[in-house]
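The structure appears right after this line, and notes come after that.
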Amino acid sequence: MKSYLKIDEAIELQLLSMNHRDALYDLVDANRQHLRQWLPWLDANNSPLDTEAFIKTVISQYESGKGPQYAVFYNAAICGVCGFHPIDSTNKIAGIGYWLSKMHSGKGIMTKSVMALIETGFHDYEMNRIEIVCATGNARSRAIPERLGFKLEGVLRERENLYGKYVDHAVYSMLAAEFALY
């Protein structure tokens, strides 16, 4: 599996490692208010040690064959994370998650990065199905699977407790047969 994906002249993905710990924590901390709108884990990431624990978890996930998590770089600066939720190898299903700093949003960075993950999921991991699940109100996040040809399967009502408020989730999927036609 690739530890580095060059997307274009400005965008690259690096397999998350301890080398990213401090820069990743600083990015989260600088974007805390922006990320808090849609991500429930901000209150559990209060120090570089919390980021280190997350990185250890995703390294273990990768080493056990359950899919990589990448640091996203734009013009050599870390700007977000994208990767696979633990892959279900029995059913050949992978979920993709992602987030991006506020100042890097709207440049197509994450759409291109997620496309690379889709290719990885279908080609390298031989998945049959890839899912992306987003809060229904998160228009920017939802635009990515919509732009990439995913099918909206439905809405899971009050799926996530986001700091005391329940939000619905839109469920998108793409099948290997559909990707082959893409």
Identify each donor-acceptor pair in which a side-chain atom of residues 127-135 lies under 3.5 Å from a protein atom, sequence neighbours left out, and give them as a table.
| unit_1 | atom_1 | unit_2 | atom_2 | d |
| --- | --- | --- | --- | --- |
| Arg129 | NE | Glu131 | OE2 | 2.7 |
| Arg129 | NH1 | Glu153 | OE2 | 2.9 |
| Arg129 | NH2 | Glu131 | OE2 | 3.1 |
| Arg129 | NH2 | Glu153 | OE1 | 2.7 |
| Arg129 | NH2 | Glu153 | OE2 | 3.2 |

* Decide yes or no for His85 and Ile96: does some side-chain heavy atom of the first lie under 4.5 Å from some side-chain heavy atom of the second? => no
* Asked: Quick check: are there more than 12 heavy atoms from other residues, nucleotides or ligands sitting under 6.0 Å from CE of Met18?
  -> yes
* Asked: With side chains defined as the heavy atoms from C-beta onward, is the minimum distance between Asp50 and Tyr25 less than 4.5 Å?
  -> no
* Does Asp43 pair with Arg36 as a salt bridge, N-O distance under 4.0 Å? -> yes
* **Exercise: do Arg142 and Tyr172 side chains pair donor with acceptor under 3.5 Å** => yes
* Asked: Do Glu178 and Lys151 come within less than 4.5 Å of each other through their side chains, counting heavy atoms only?
  -> yes
* Is the closest side-chain heavy-atom distance between Asp88 and Asn91 below 4.5 Å? -> yes
* Do Glu12 and Tyr4 have side-chain N/O donor and acceptor atoms under 3.5 Å apart? -> yes
* Structure fact -> Between Glu126 and Lys92, the two heavy atoms sitting closest are O-CD, 3.3 Å
* Lys102, NZ: over 12 other non-hydrogen atoms inside 6.0 angstrom -> no
* Are side-chain heavy atoms of Glu160 and Pro40 found at a separation under 4.5 Å? -> yes
* What is the minimum heavy-atom distance between Ile7 and Ala116, and which atoms define it? -> CD1-CB, 3.4 Å
* Side-chain heavy atoms of Phe84 within contact of Thr120, under 4.5 Å -> yes
* Asked: For the residue pair Val72 and Ser113, what are the closest heavy atoms and their distance?
  -> CG1-OG, 3.9 Å
* **With sequence neighbours excluded, residues passing side chain to side chain contact (heavy atoms under 4.5 Å, CB included) with Glu119** => Met115, His123, Phe179
* To do: Kindly say whether the aromatic ring centers of Phe73 and His104 come within a distance under 6.0 Å.
  => no
* Asked: For residues 130-163, which residue pairs qualify under ring-ring contact (aromatic ring centres under 6.0 Å, His included), counting only residues two or more places apart or in two chains?
  -> none
* To do: Could you give me the CA-CA distance, side-chain angles and deciding distance for Lys112 and Asp8, then say whether salt bridge (Lys or Arg N to Asp or Glu O under 4.0 Å) is met?
  => CA-CA 9 Å; Lys112 291 177 182 179; Asp8 63 21; 3.0 Å; yes
* Looking only at non-hydrogen atoms, find the nearest pair between Tyr70 and Leu15 and report the distance. => CD2-N, 3.3 Å
* Does some side-chain heavy atom of Arg21 sit less than 4.5 Å from a side-chain heavy atom of Leu49? -> yes
* To do: Check whether any side-chain heavy atom of Val58 sits under 4.5 Å from a side-chain heavy atom of Glu63, and report yes or no.
  => no
* To do: Evaluate whether atom NZ of Lys6 has more than 12 neighbouring non-hydrogen atoms of other residues, nucleotides or ligands under 6.0 angstrom away.
  => yes
* To do: Write down the atom of Ile109, the atom of Ile11, and the distance for their closest heavy-atom approach.
  => CA-CD1, 3.7 Å
* Asked: So with a 6.0 Å cut-off around CZ of Arg32, is the heavy-atom count from everything else above 12?
  -> yes
